[in-house]
Amino acid sequence: MPEFTLRTLADQLVNGLVIGNIYALIAIGLALIFGVANLINFAHGSVYMIGAYMGWVCVTWLGWPLGPTFIVVAVACAALGVLIERFGLRRLQSEARIAPLLATIGISFALDQLVQLIFSPNPQSFPSPLPATRVMLGGVSIGALDVLIAAITVTSAAMLFAFLRFTRLGWALRATAQDREAAQQMGVDVNAIQALTFAVAAVLGGIGGVMIGMYFTSVYPTMSYGAMLKGFAANLLGGLGSVPGAVIGGLLLGLIETFGVALLGSTYRNLFTFVILIGVLVLRPTGLFGARRAMPPEPLTGTFVANSRPVRVPRFVAIGGLAAAVLLPFISSNPYLLQIFTNAWLFAMLALSITLVTGTAGQMSLGQAGFLAIGGYASALLAMRLGWPLELSLLAGAAIAAALGTLLTWPVFRLRSQYVALATLGIGEVINQVILNWEGLTNGVLGLSNIPPLSLFGLPIIETAPIYWFALAMLVVAALFQWRLMQSHLGRTWRAMREDEVAARAFGVSLNRYKALAFIAGGFIAGLSGAFTAHMYSYINNETFAATTSILGLTMVILGGMGNMSGAVVGAIALTALPELFRPLADARYLIYGIVLLLLVRFRPQGLLGTV
């Protein structure tokens with residue numbers, strides 16, 4: 001553990017406050033949007049990232065000073081915020097809360113990929129145009145950038161306070177945040193106010209992106225995801241929707257993160273954010289300054305069931321499709337084609353697990369990739385270090401994923417609505433960070449290599465066709481297992497819980513027990529898919545099952561139809577196999593996924609086969 005002197009403590013305090021100021025700017029934007037639109041905006045991190053890139057272009061390509069750069073970034077980000085609200089979210093105001101939430105995820109996917117296509121995924125150096133000299137004040141080292149960041153945050157907060165307190169538009173915004181319908185009856189144009197809110201939030205986020213780019217001297221497309229989570233954590237810490245709470249939460253998060261990194265190392269930086277996020281959600285979901293109000297009574301997914309009749313797949317069609325899948329290696333021996341469909345079967349298992357947890361039981365899970373990771377690492381370690389046979393390793397890996405994943409998710413069961421989505425997202429990231437930092441077990445960033453390949457009863461399975469059949473057989477068994485659960489009393493109870501938790505509890509349903517059963521069953525299926533993937537590739541690391549995998553699985557479920565098992569398989573095939581038909585567009589795959597998710601939420605929320 002490093003030794004702290006009074007000077008290093010003071011320096012870390014300054015660094016923490018500087019970073020905390022930037023987190024506060026991001027959190028204020030999220031708080032404004034949540035207060036007015038009752039929405040957790042996942043696209044806010046992408047706006048922050050785009051602001052950082054615009055600042056980088058102005059400073060390094062055009063050679064502009066900081067003043068005009070900030071003006072351009074503010075105007076462009078404000079326009080982007082208005083566009084997101086006007087064309088991405090406004091028509092979803094009357095829909096269930098999950099609809100705009102999913103739309104912001106789709107917008108975030110599309111914006112991140114668009115920037116990556118334009119500027120490449122590589123980090124870009126962002127040198128600060130300010131003097132690099134630092135001055136000593138009372139034994140503390142302070143640079144020009146530190147002063148600028150603090151000045152911008154304090155000025156922004158003061159201007160926002162004055163705007164909300166002393167202007168008619170500010171009063172209208174506060175009235176809309178308190179009671180949207182009452183404000184509308186009093187003549188407030190709530191749509192214009194909501195657009196204004198998105199514009200102000202986007203300006204704050206974009207300027208925060210420029211400053212963080214200069215502070216860490218680089219910008220990169222994936223910086224949006226981490227910033228978004230830090231903004232959520234700061235916002236939750238202070239109280240979701242509270243602007244003063246967002247400022248305090250941002251400063252606290254910056255201090256905790258800075259001192260934590262000084263004690264344990266930079267690889268633990270994000271772990272603090274996710275632990276804070278989950279801890280606040282579990283212990284005090286309303287945050288330090290939030291009002292102690294009751295959680296929304298309905299689950300997030302319940303009212304997302306659209307008024308449509310689900311498409312019932314006739315039994316002969318299902319049997320015919322399965323026969324065609326079994327015969328595919330005899331029709332075509334192309335290893336590339338078989339590998340694509342093998343991946344489709346593995347993604348279909350992930351989609352089945354999500355449709356069970358989210359579509360059937362009504363628990364919005366954005367961290368299902370964590371179950372894949374636990375299953376993959378558990379099976380690989382059992383086979384590599386204990387010499388277990390592959391069949392036993394696969395089953396044990398899936399069982400460990402179900403048990404450990406459900407245990408980690410257990411504190412979330414008392415949450416509802418959008419809080420469940422945030423908490424599961426954080427849990428998925430905590431699993432990823434533990435894998436990254438527990439080097440003695442997982443080999444850290446280097447990952448596990450030379451994982452024993454697939455085999456069955458001692459016979460190695462290394463050819464493409466047998467691997468394809470093995471994956472297909474696992475999918476069929478998992479689907480039959482889930483179908484039996486859905487037809488049972490347990491499945492009907494899950495659906496009742498999804499529709500109305502209060503009514504289900506009134507009829508004696510133990511909510512926590514049935515939520516746990518849903519996560520156990522879904523976690524086992526997802527863990528089996530992760531374990532198979534580890535042995536199929538003989539290598540995994542912490543990025544093999546990234547957070548984008550969870551979002552991709554959710555997109556497959558929405559495409560097929562929530563709670564619809566056939567839809568989950570159809571969605572997995574469509575989003576795995578069809579993009580391969582357009583190989584020149586392979587780099588734009590996540591852009592396509594984002595647009596598909598956005599269009600589905602807007603025009604066909606029930607999916608291709610309808611919601612069950």
Side-chain angles (χ1 to χ4, degrees), residues 30 33 37-50 77 79-118 191 194-195 198 201-202 205 221-222 224-225 228 300-301 303-306 308 347 351 354-355 358-359 364 366 418 421 425 547-562 567-568 570-572 574-576 578-579 582 585 587-611:
L30 288 169
I33 293 174
N38 192 22
L39 169 67
I40 294 178
N41 180 18
F42 281 87
H44 194 63
S46 300
V47 175
Y48 152 93
M49 179 268 297
I50 288 175
C77 287
L80 180 59
V82 172
L83 288 174
I84 290 173
E85 190 279 332
R86 179 64 184 85
F87 297 104
L89 303 174
R90 184 173 296 181
R91 290 182 178 275
L92 301 174
Q93 288 178 0
S94 58
E95 304 293 337
R97 278 191 293 276
I98 189 177
L101 185 143
L102 291 173
T104 62
I105 292 175
I107 293 169
S108 177
F109 255 50
L111 291 178
D112 288 0
Q113 186 72 24
L114 196 60
V115 170
Q116 187 166 315
L117 289 173
I118 295 173
N191 287 332
Q194 185 160 306
F198 272 79
T222 53
S224 64
Y225 183 69
M228 175 193 67
L300 191 63
T301 55
T303 49
F304 193 59
V305 179
S308 66
F347 271 118
I354 294 176
T355 201
T358 300
M364 183 67 185
L366 295 181
Q418 305 174 76
L425 183 67
T548 51
T549 307
S550 297
I551 306 300
L552 176 57
L554 184 63
T555 309
M556 292 170 177
V557 169
I558 296 172
L559 176 61
M562 273 199 172
V570 170
L575 290 184
T576 306
L578 289 183
F582 306 98
L585 300 178
D587 291 339
R589 178 170 302 183
Y590 282 95
L591 174 63
I592 297 171
Y593 292 156
I595 294 173
V596 167
L597 180 57
L598 194 59
L599 294 176
L600 280 171
V601 172
R602 171 65 182 88
F603 295 105
R604 193 171 173 80
Q606 71 271 33
L608 296 176
L609 300 187
T611 302

**Asked** Nearest heavy-atom pair of S224 and G45: which atoms, and what distance?
**Response** CB-O, 3.1 Å
**Prompt:** What distance do L114 atom CG and I107 atom CD1 have between them, rounded to the nearest 0.5 Å?
**Reply:** 13.0 Å
**Spacing of H44 atom NE2 and T104 atom OG1 [to the nearest 0.5 Å]** = 12.0 Å
**Asked** Where do A201 and I33 come nearest, in terms of heavy atoms and distance?
**Response** CB-CD1, 3.7 Å
**Message:** What's the separation between atom CD in Q113 and atom CG in L111, rounded to the nearest 0.5 Å?
**Reply:** 11.0 Å
**Request:** Report yes if some heavy atom in the side chain of I551 is under 4.5 Å from a heavy atom in the side chain of L366; otherwise report no.
**Result:** yes
**Asked** Who are the side chain to side chain donor-acceptor pair (under 3.5 Å) partners of R90, not counting sequence neighbours?
**Response** E85
**Complete:** To the nearest 0.5 Å, atom CG of N41 lies from atom CZ of F198 at 5.0 Å
**Asked** Is the shortest heavy-atom distance from the side chain of P221 to the side chain of D112 under 4.5 Å?
**Response** no
**Item:** Greater than 12 external heavy atoms within 6.0 Å of R602's CZ
**Value:** yes
**Message:** Using modelled atom types and a 3.5 Å cut-off, is there a donor and acceptor pairing between side-chain atoms of T355 and backbone atoms of A351?
**Reply:** no
**Item:** A103 to G88 - nearest heavy-atom pair and separation
**Value:** CB-O, 4.0 Å
**Fill in**
Between A99 and V601, the two heavy atoms sitting closest are O-CG1, 3.2 Å
**Request:** Indicate the atoms forming the closest heavy-atom contact of A195 with V82, along with that distance.
**Result:** O-CG2, 3.9 Å
**Message:** Ignoring hydrogens, what is the shortest heavy-atom contact between L101 and L39? Give both atom names and the distance.
**Reply:** N-CD1, 3.7 Å
**Steps toward side-chain contact (heavy atoms from CB on, under 4.5 Å) verdict (L425, Y225)** = CA-CA 11 Å; L425 183 67; Y225 183 69; 3.3 Å; yes
**Message:** Is there a side-chain contact between L559 and L608 in this structure, where contact means two heavy atoms from C-beta onward sitting under 4.5 Å apart?
**Reply:** yes
**Prompt:** Step by step, would you call L80 with I50 a side-chain contact (heavy atoms from CB on, under 4.5 Å)?
**Reply:** CA-CA 10 Å; L80 180 59; I50 288 175; 3.7 Å; yes
**Message:** Working to the nearest 0.5 angstrom, can you tell me the gap between L102 CG and L600 CG?
**Reply:** 10.0 Å
**Request:** Give, for atom CD1 of I354 and atom CZ of F347, the distance between the pair rounded to the nearest 0.5 Å.
**Result:** 10.0 Å
